[in-house]
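This is a predicted model, so every value here is computed, not measured. Residue numbering restarts at 1 for every chain, and letters A, B, ... go by the order of the sequence lines.
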Amino acid sequence: MNTVTDPVQELPDKEVLARHTQGDEQAFGELVRRHRERMWAVAIRVLGDPEEASDALQDAFLSAFRGAHRFRGEAMVSTWLHRIVINACHDRMRRKMVRPAVPTDDVNLDLLAQQSHKGTVPDPTGKSDAAMDVHAALDRLPAEQRLALVLVDMLGYRVEEAAQILEVAAGTVKSRCARGRSRLLPYLSHLRNPEPPQDVTSPRGGGKRS
Amino acid sequence: MTSHVDTETLALLAEGLLEDGEERSVQAHVSECAQCSDQLVALSDVTRVLAEVPAPPIPDGLAGRIDDALRAERERQAAASDPGDPADTGAADSAGAAIPIQRRRGPSKWMPYLVAAAAGVFVIGGGAAVVQGLTASAPPEQAGSSPKGATGGPDAALPYQPSVVASGTEYTADGLSGQAADLIAESEPLSASKGPESNAEGSENSALSAPPETPTGVSSCIHKLSGDDSRRPVLIDIASFAPGDGAAKGEDAWVLVYEAKGGSGYDVRVVTPECTEAGDATVAPSQVGPGD
Ligand SMILES: [Zn+2]
């Protein structure tokens, strides 16, 4: 029984997860404590909305809790958790798209009202809340481009890390990022500097190959 | 005239994803075209803008919410893996009693308590309760001002095993006392129960395979209601309640049965899923018969 005396706090992630699968009731909570801030950072950037991100995070930790026995030892626990969080976010993004794009709560209504006052989304010249603009713009991307950009550009992960999380080749991550950036450009160019953007060639943000 | 390079191609160029031939020709154009090289800079600014987006911090309470959800899941799994085998109920019983004691945080300690109760649930036949027409007139005993009951604080060893049922009863304001009395009578023995094994021989045990799901919020609501009162319900019926004159349709409600202070009779409180108190009543010992 001397393993029991090892404080779970001092064990590496993989051993903590193993403890959990062996029935240690403290173990999973320790993993949550270690990773929840980072996982929140992922979820809030993918989803933009704190309510949605909170729900996604809870879903994710629950499915990690249930699926811990499926963890394959060759990945890092944090990579595995990232995957689960991203999947949980992805599920919510899909559900949001299935629902009609009608605001269903006051928060959304407020956001829409502000946006229409400022005219930010269709006409990127007004000064507006950058975070809101970015999320409105990210909403226009295919999910795979958005996820790649969240990991690489927003969170600063190396392409290889993002590739492991997303379970695709590094080149795929790069091309998703590249296409995503080109799509975002027309919506974000007003955030680059105070001056209105120059009259550039009409950007082909339409993603001809997505 | 040479056409400009589209933005996507520029973005791919920046990532080094163009094929050699295309890369050379695009590079050649960009090096001589201010507009396209500006666009290339603009693309790198997209990355900068994305990196600078502030994100709200993790909301207050989310960590606790996740912990609660995980705890509930753990208890649910424990309950599912122990499907009421009479040989095991003793162990499950003591585990159920032991878990809450180790929880320090507020509402959390109620969660395992309730889920442990659900594991040993016995279901009263739907519609079995009969309205006896007894009208409650005694005011409910107010909690909070009197000394702690004999059952002790929440961390004391549980002298009883609470039960969660879904009787299907539609409680009414006028009939509450009698309906609750029926519920209690059907559920006897409550305080004398040592837990599930008391019912192991009863026919109700067949319902063990489908225990009513304890709605989320019951435990925190009970905790909220209890205030300084250390009492906890001995019986919880997930049912419905029609507060009005009989015209109103019954709404989802939880009927919480507490042992009355002094150990004589029961206090009944009805709450909505929003944890609003919708009604209350008392049940005299005589209403539930000689009992134990
Ligand atoms: Zn050009």
Side-chain angles (χ1 to χ4, degrees), chain A residues 25 28-29 32-33 36-37 39-41 44-45 48 50-51 53-54 57-62 65-66 130-131 133-135 137-138 149-150 152-156 159 171 174-175 177-186 188-189 191-193 197-201 203-209, chain B residues 3-18 33-78 80-81 95 99 102-103 108 112:
Chain A
E25 295 202 349
F28 199 82
V32 172
R33 271 190 293 286
R36 69 184 165 216
E37 294 283 339
M39 296 303 134
W40 167 257
I44 186 61
R45 284 178 174 87
E51 292 284 326
S54 297
L57 200 60
Q58 179 171 329
D59 291 349
F61 277 124
L62 272 174
F65 182 94
R66 294 183 189 124
D133 284 6
V134 169
H135 282 295
L138 283 171
L149 282 175
V150 164
V152 175
D153 281 5
M154 298 184 93
L155 292 167
V159 167
K174 287 185 189 176
S175 95
C177 286
R179 296 180 209 285
R181 286 176 202 128
S182 73
R183 275 203 185 194
L184 285 180
L185 180 55
L188 298 184
S189 53
L191 298 174
R192 296 170 56 201
N193 48 48
Q198 266 111 46
D199 182 21
V200 295
T201 307
R204 298 175 49 177
K208 56 180 172 160
R209 269 180 287 181
Chain B
S3 61
H4 291 299
V5 181
D6 69 80
T7 311
E8 185 171 298
T9 303
L10 289 171
L12 292 169
L13 172 75
E15 284 290 346
L17 291 171
L18 296 182
C33 174
Q35 193 169 306
C36 286
S37 67
D38 280 353
Q39 192 76 339
L40 209 49
V41 174
L43 277 167
S44 68
D45 282 347
V46 169
T47 295
R48 189 175 52 75
V49 168
L50 289 176
E52 288 170 356
V53 172
I58 191 163
D60 287 345
L62 179 55
R65 196 179 113 186
I66 290 170
D67 288 347
D68 286 348
L70 292 171
R71 192 169 300 122
E73 174 68 13
R74 181 179 299 128
E75 299 298 331
R76 199 189 59 74
Q77 285 182 358
S81 66
I99 289 164
Q102 294 166 3
R103 303 296 170 204
S108 312

message: Are more than 12 heavy atoms, taken from residues, nucleotides or ligands other than B/Glu52, located less than 6.0 Å from that residue's CD atom?
response: yes
field: B/Leu17, part contacting chain A, at a heavy-atom distance under 4.5 Å
entry: side chain
query: Do B/Arg65 and B/Asp68 sit within salt-bridge range, that is, some charged N less than 4.0 Å from a carboxylate O?
result: no
Heavy-atom pair count under 4.5 Å with chain A, highest-scoring of B/Val53, B/Leu43, B/Ile58: B/Ile58
field: Option that, when pairs with chain A are counted at under 4.5 Å, heavy atom only, ranks first among B/Ala42, B/Ala11, B/Pro54, B/Gly16
entry: B/Ala42
- request: Examine whether an atom of B/Leu62 lies under 4.5 Å from a heavy atom of chain A, and if so say whether it belongs to the side chain, the backbone or both; otherwise answer neither.
  value: side chain
field: Counterpart residues, side chain to side chain contact (heavy atoms under 4.5 Å, CB included), relative to A/Arg66 (two or more places apart)
entry: A/Leu62, B/Glu73, B/Arg76, B/Gln77
- prompt: So what's closer than 4.5 Å to chain A heavy atoms on B/Ala14: side chain, backbone, both or neither?
  reply: neither
field: Segment of A/Arg45 engaging chain B (4.5 angstrom heavy-atom cut-off)
entry: side chain
- request: List for me each residue that meets side-chain hydrogen bond (donor to acceptor under 3.5 Å, both in side chains) alongside B/Thr47, sequence neighbours excluded, and say none if there are none.
  value: A/Asp153, A/Arg181
message: Counting C-beta onward and ignoring hydrogens, is there a side-chain heavy-atom pair between B/Leu50 and A/Leu188 closer than 4.5 Å?
response: yes
